[in-house]
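Since this is a predicted model, take the numbers as computed values, not measurements.
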Amino acid sequence: MTERLVEGRLENGACVLDLGCGCGRTIGHLKRTRRFHLVGVDNDADMLLRAGSNGVNVPLIQARAQALPFRGACLDAVICECVLSLLPGLNEVVAEIARVLRPGGFLLCSDLYARAPGRIRAVPDFPKEGTGCCLDGALPSQQWLEILSTQGFNVLAWEDHSRALAKLSAELVFAHGSMERFWRELLGGQAEDRLCRVLNRANNIKPGYFISVGIKR
């Protein structure tokens with residue numbers, strides 16, 4: 001998915017931010033395969049430490065997505081893989097991304113979305129009363145496209161890649177015995193009611209996987 005997002009869009013020397021870089025998989029791949037000026041941002045200090053220990057030799061900064069420590073119009077691209085569905089206040093986040101991108105800069109995303117928008121139910125007081133995971137922020141595709149447009153982006157591409165998610169689900173079932181068992185192991189000793197919220201949310205929204213490319217107007 002990372003290759004699909006960046007291929008043919010960015011030249012050598014492009015300034016690229018990996019927003020929500022986590023333990024460094026995306027930014028590490030780009031460091032190995034591209035000649036970009038890279039920087040990673042994550043609000044989780046432990047994740048940044050893991051990225052450093054994984055050999056990610058680029059600047060790594062702890063910061064909130066809603067308050068990026070960059071001047072305006074200084075970046076050529078922001079890449080977000082499986083990040084935006086974890087964040088509350090998506091309009092605010094996308095507006096902040098637009099602020100730091102130069103005109104013509106790219107917002108490159110891959111994430112979950114809700115394939116059953118007619119069955120989606122709002123989660124009150126996200127994330128406290130929700131599932132506390134990316135399922136809470138999985139929006140219908142049309143709502144995601146509207147947010148991009150409202151915050152100053154033209155959408156160059158939106159592609160469904162739910163088959164990749166289905167493949168991952170099959171691998172998880174093979175490894176854990178069932179998706180319910182996977183979620184139980186992932187959530188550890190947390191409350192049973194949270195597990196029920198996770199399973200109900202997944203059933204309600206029918207999660208799919210997408211990539212999108214927006215260009216700042």
Side-chain angles (χ1 to χ4, degrees), residues 1-87 90 93-113 133-134 137 144 148 151 153-161 163-165 167-168 171-172 186 209-216:
M1 296 300 169
T2 306
E3 285 296 315
R4 183 80 174 166
L5 285 168
V6 302
E7 186 65 38
R9 304 187 197 281
L10 298 170
E11 298 179 354
N12 290 339
C15 295
V16 180
L17 165 64
D18 182 4
L19 178 57
C21 61
C23 60
R25 286 192 173 185
T26 294
I27 201 168
H29 172 79
L30 294 176
K31 178 69 173 178
R32 292 188 300 272
T33 60
R34 297 293 192 278
R35 295 179 180 176
F36 298 155
H37 296 298
L38 296 162
V39 61
V41 164
D42 203 288
N43 198 37
D44 189 324
D46 290 337
M47 282 291 187
L48 294 176
L49 287 174
R50 288 178 60 187
S53 65
N54 288 338
V56 178
N57 187 25
V58 303
L60 299 172
I61 301 170
Q62 185 178 6
R64 296 172 59 246
Q66 297 87 347
L68 296 173
F70 304 103
R71 59 181 174 80
C74 68
L75 299 174
D76 297 303
V78 175
I79 187 165
C80 306
E81 297 209 82
C82 298
V83 172
L84 297 181
S85 60
L86 289 167
L87 300 175
L90 189 55
V93 173
V94 176
E96 179 66 352
I97 292 171
R99 182 188 70 80
V100 300
L101 281 173
R102 63 170 178 78
F106 295 101
L107 172 53
L108 308 170
C109 294
S110 65
D111 217 318
L112 294 181
Y113 79 104
C133 71
C134 53
W144 168 244
L148 286 177
Q151 299 303 335
F153 289 92
N154 292 331
V155 178
L156 300 183
W158 192 97
E159 299 175 1
D160 177 83
H161 287 271
R163 290 183 65 182
L165 185 63
K167 180 181 177 183
L168 173 61
E171 292 171 353
L172 291 173
L186 182 66
Y209 199 78
F210 76 93
I211 65 173
S212 74
V213 177
I215 187 169
K216 182 181 172 181

When rounded to the nearest 0.5 angstrom, what is the spacing between [atom1] in [X] and [atom2] in [Y]?
X: Asn12; Y: His37; atom1: CG; atom2: NE2; value: 9.5 Å
X: Leu84; Y: Ser110; atom1: CG; atom2: OG; value: 9.0 Å
X: Ile79; Y: Phe106; atom1: CD1; atom2: CZ; value: 12.0 Å
X: Leu49; Y: Asp44; atom1: CG; atom2: CG; value: 9.0 Å
X: Ile27; Y: Leu38; atom1: CD1; atom2: CG; value: 5.0 Å
X: Gln62; Y: Asp42; atom1: CD; atom2: CG; value: 8.0 Å

Kindly indicate whether the side chain of [X], heavy atoms from C-beta on, has any atom under 4.5 Å from the side chain of [Y].
X: Leu30; Y: Asp18; answer: no
X: Arg34; Y: Glu3; answer: yes
X: Gln151; Y: Leu107; answer: no
X: Val58; Y: Val39; answer: no
X: Arg64; Y: Glu96; answer: no
X: Leu90; Y: Trp144; answer: yes
X: Glu81; Y: Leu5; answer: yes
X: Ile97; Y: Cys80; answer: yes

Under 3.5 Å donor-acceptor, [X] side chain and [Y] backbone:
X: Asp76; Y: Leu10; value: no
X: Arg99; Y: Phe70; value: yes
X: Lys216; Y: Ala98; value: yes
X: Asp111; Y: Ser85; value: yes

Task: SB check Glu159 Arg4 (cutoff 4.0 Å) - done: yes

So with a 6.0 Å cut-off around [atom1] of [X], is the heavy-atom count from everything else above 12?
X: Asn57; atom1: CG; result: no
X: Arg25; atom1: CZ; result: no
X: Arg50; atom1: CZ; result: no
X: Glu11; atom1: CD; result: no

Open item on the list: Does the plane of the ring in Tyr113 sit parallel, tilted or perpendicular to the ring in Phe210? Use 30° and 60° as the thresholds.
Closed with: perpendicular

